[in-house]
Number of protein chains: 2
Amino acid sequence: MQPARRLYRRESEESRRTALILATQELVAEGGPEAATVRAIAERAGVTPGLIRHYFQSKDELSRAAYRALMDGMTAKGADAIEGVGAGPEERLAAFIAASLRPPVLDAGAVVLWAGYMHKVRSDPDLMAVHEASYLAYRDTLQQLIETLPRVVKPGQTRVEAIACNALIDGLWVEGSLLPGTFGPGEVITIGLSSISAILGLNLLDHTAMLPDFGKTTP
Amino acid sequence: MQPARRLYRRESEESRRTALILATQELVAEGGPEAATVRAIAERAGVTPGLIRHYFQSKDELSRAAYRALMDGMTAKGADAIEGVGAGPEERLAAFIAASLRPPVLDAGAVVLWAGYMHKVRSDPDLMAVHEASYLAYRDTLQQLIETLPRVVKPGQTRVEAIACNALIDGLWVEGSLLPGTFGPGEVITIGLSSISAILGLNLLDHTAMLPDFGKTTP
DNA sequence: CCGACTGTTATACGCGCGTATAATCGTGCG
DNA sequence: CGCACGATTATACGCGCGTATAACAGTCGG
């Protein structure tokens, strides 16, 4: 007697692709790149391995799509953070910074996922372009927020400041995600805001009244 | 007729172990974790695959050793940088920072290597301990350098400052290594020194006369 | 309601992986 | 000088990988 053939439902191309991409991201985040095999991805997405090749020319193409989705998602979350907030320049900048240093952006899985793709980014010009575009877009948003601040600046100053603030946020993002027990709740945000305040010569901690999950941990 | 058996020389346990560890690091740096197979490692180290199991219980143990060596090497380079420099607190701090933002520490291979081990660090308590110790050692050196600066500080202030400076250096290290074309020569060091100056409330750029490969790019 | 289209599953292939173990030979010691 | 020890090589095994392809079945227009 033959075992019953697996039942299935047809679904849209988009939902299949996103399910496969999501499964890939989850597996890389949990177990590193080598855990994201076609069989594991298919199982997580609720399909059989062969279907991956129906929607992606190769596993590598699926990997690239997953990386693109990761980067797009992270920049989108940054843009969201300054969407629903007031018009004050300091307030908007503080909200943008805080959003990058709080879950779901501040997350060990996200860091592992990002790190897992790093060598592919270096070796694949296509992914390198995605990385560079994403990095520069984030930095550019940061720079525009900085330029709206009520200050007098020298030419070229805001570019350097944006690079520094970006690096500071990146570093806090990595260490805050990897060693969460080393910092108190909200401490990473506080450190980010105070340090960037020092770099820019202002005080962002006075503009955090509206931030979620914040206030109880600030002095 | 049989092909000739490969000739070989006996070598010390230490030289074999370091050769295997170095080969592993190089391969991960060049092609990511999946490029460091036992066969590729053995070839790079000039031995046959079986020998790996003679010196390491498993490939995983070799991987752990390679990660430990990476972290030890990076902290050692930081310590070296403040070894041969003068006694001025600002000068020593500036030398320490600059050393982390210049080759061989600022290097794409090093970043890819570091990133390639990230998920193992998360899942292996032994490696997590190595990471945490290495991170805290670096941060502690930074904090001690900051505490010798001629300033009046509030209690707990230097810890927060060390965390921020560490994060800033980490972020500049990653982006400066991954996108070297985006920054001018020495610009990463300049940005690091000026930003940390702002965080600490002093001017480190006046204490960089002795730094190698520096001076021509500062304003 | 039925047939064709195609999304989906099932199965197989070859390769390279980490590992295990036996054969070999360089070398230091008596 | 020779012999025994063990560092090193050689070979093989089984598994899981990515991929290719044929068989099947859900679905939709007529």
Side-chain angles (χ1 to χ4, degrees), chain A residues 1-24 27-28 30-67 116-117 119-120 123-124, chain B residues 1-24 27-28 30-67 116-117 119-120 123-124:
Chain A
M1 165 188 171
Q2 283 280 53
R5 189 184 177 92
R6 175 181 179 145
L7 303 176
Y8 63 92
R9 289 189 40 226
R10 297 195 172 193
E11 303 220 352
S12 72
E13 170 165 351
E14 194 200 347
S15 78
R16 287 294 192 211
R17 292 182 85 97
T18 58
L20 289 170
I21 287 172
L22 180 65
T24 303
L27 286 164
V28 175
E30 291 167 13
E34 66 252 34
T37 68
V38 289
R39 287 165 177 83
I41 293 168
E43 186 186 13
R44 175 78 57 122
V47 297
T48 51
L51 196 63
I52 290 179
R53 303 292 313 284
H54 186 73
Y55 286 108
F56 298 92
Q57 262 194 6
S58 68
K59 188 203 168 186
D60 237 61
E61 192 191 307
L62 170 55
S63 291
R64 277 194 289 268
Y67 180 74
Y117 281 109
H119 96 270
K120 290 186 209 259
S123 56
D124 181 337
Chain B
M1 164 183 170
Q2 284 279 52
R5 190 184 176 93
R6 176 179 176 148
L7 304 177
Y8 63 93
R9 290 189 40 227
R10 295 192 174 193
E11 303 219 354
S12 74
E13 170 166 350
E14 193 200 346
S15 78
R16 286 294 192 213
R17 292 182 86 99
T18 58
L20 290 170
I21 288 172
L22 180 65
T24 303
L27 286 164
V28 175
E30 291 167 14
E34 67 251 31
T37 67
V38 288
R39 286 165 176 82
I41 294 168
E43 185 185 14
R44 176 78 57 124
V47 297
T48 51
L51 196 63
I52 291 179
R53 303 294 310 286
H54 186 74
Y55 287 108
F56 298 92
Q57 263 194 8
S58 69
K59 188 201 170 186
D60 238 59
E61 193 192 305
L62 171 56
S63 291
R64 279 195 288 269
Y67 180 74
Y117 281 108
H119 95 271
K120 289 184 208 254
S123 56
D124 181 338

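Sequence lines set the chain letters: A, B, ... in the order given, protein chains first and strands last, and positions in each chain run from 1.
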Problem set entry | Any N/O donor-acceptor pair, A:Tyr8 side-chain to C:dG7 base, under 3.5 Å | yes
For this session: Drop me the distance from A:Tyr117's OH to A:Thr24's OG1, to the nearest 0.5 angstrom.
Result: 6.0 Å
Exercise. Mapping B:Arg10 and B:Ala36 to their closest nucleotides on DNA chain C, which lands nearer the 5' end?
Worked result: B:Ala36
For this session: Could you tell me the separation between the CD atom of A:Glu34 and the P atom of C:dG18, rounded to a whole number of Å?
Result: 10 Å
For this session: Could you check how far CD of A:Glu43 sits from C1' of C:dT9, rounded to whole Å?
Result: 15 Å
Exercise. Should we say atom CD of A:Glu11 is surrounded by more than 12 heavy atoms from elsewhere, each under 6.0 Å from it?
Worked result: yes
Seminar exercise, completed: When rounded to whole Å, the CG to P distance for the pair A:Leu20 and C:dG7 reads 14 Å
For this session: Would you confirm whether A:Lys120, through its side chain, and B:Gly32, through its main-chain N or O, come within 3.5 Å as a donor-acceptor pair?
Result: no
For this session: May I have the distance from A:Leu51 (atom CG) to D:dA22 (atom P), rounded to whole angstrom?
Result: 18 Å
Problem set entry | Nearest-Å distance for atom pair CD/P, residues A:Glu11 and C:dT9 | 10 Å
Problem set entry | Nearest-0.5 Å distance, CZ of residue A:Phe56 to CG of residue A:Leu51 | 10.0 Å
Exercise. What distance separates B:Ile41 CD1 from B:Leu22 CG, expressed to the nearest 0.5 Å?
Worked result: 11.0 Å
Exercise. Measuring from A:His119:NE2 to A:Asp124:CG, what's the distance to the nearest 0.5 Å?
Worked result: 10.0 Å
Exercise. What's the CZ-C1' distance between A:Arg39 and C:dA12, to the nearest Å?
Worked result: 11 Å
Exercise. Distance check: side-chain N/O of A:Thr48 vs OP1/OP2 of C:dT8, anything under 4.0 Å?
Worked result: no
For this session: Measure distances between side-chain N and O atoms of B:Arg9 and base N and O atoms of C:dG26, and say whether any donor-acceptor pair falls under 3.5 Å.
Result: no
Problem set entry | From CA spacing to verdict: side chain to side chain contact (heavy atoms under 4.5 Å, CB included), B:Leu20, B:Val47 | CA-CA 9 Å; B:Leu20 290 170; B:Val47 297; 4.1 Å; yes
For this session: Using whole Å, report how far CD1 of A:Ile52 lies from P of D:dG16.
Result: 17 Å
Exercise. Is any side-chain N or O of A:Arg5 under 3.5 Å from a base N or O of C:dT9, one able to act as donor and the other as acceptor?
Worked result: yes
Exercise. If you take atom types as modelled and just measure distance, does the side chain of B:Arg6 reach the base of D:dT8 with a donor-acceptor pair under 3.5 Å?
Worked result: no
Exercise. Is A:Arg16 side chain donor-acceptor paired with the C:dG7 base, going by distance under 3.5 Å alone?
Worked result: no
For this session: Scan residues 53-67 of chain B against DNA chain D and write down, sorted by residue number, each residue with any heavy atom closer than 4.0 Å; if none is found, say none.
Result: B:His54, B:Tyr55
For this session: Can you tell me the distance, in whole Å, between the CG atom of A:Leu7 and the C1' atom of C:dG7?
Result: 15 Å
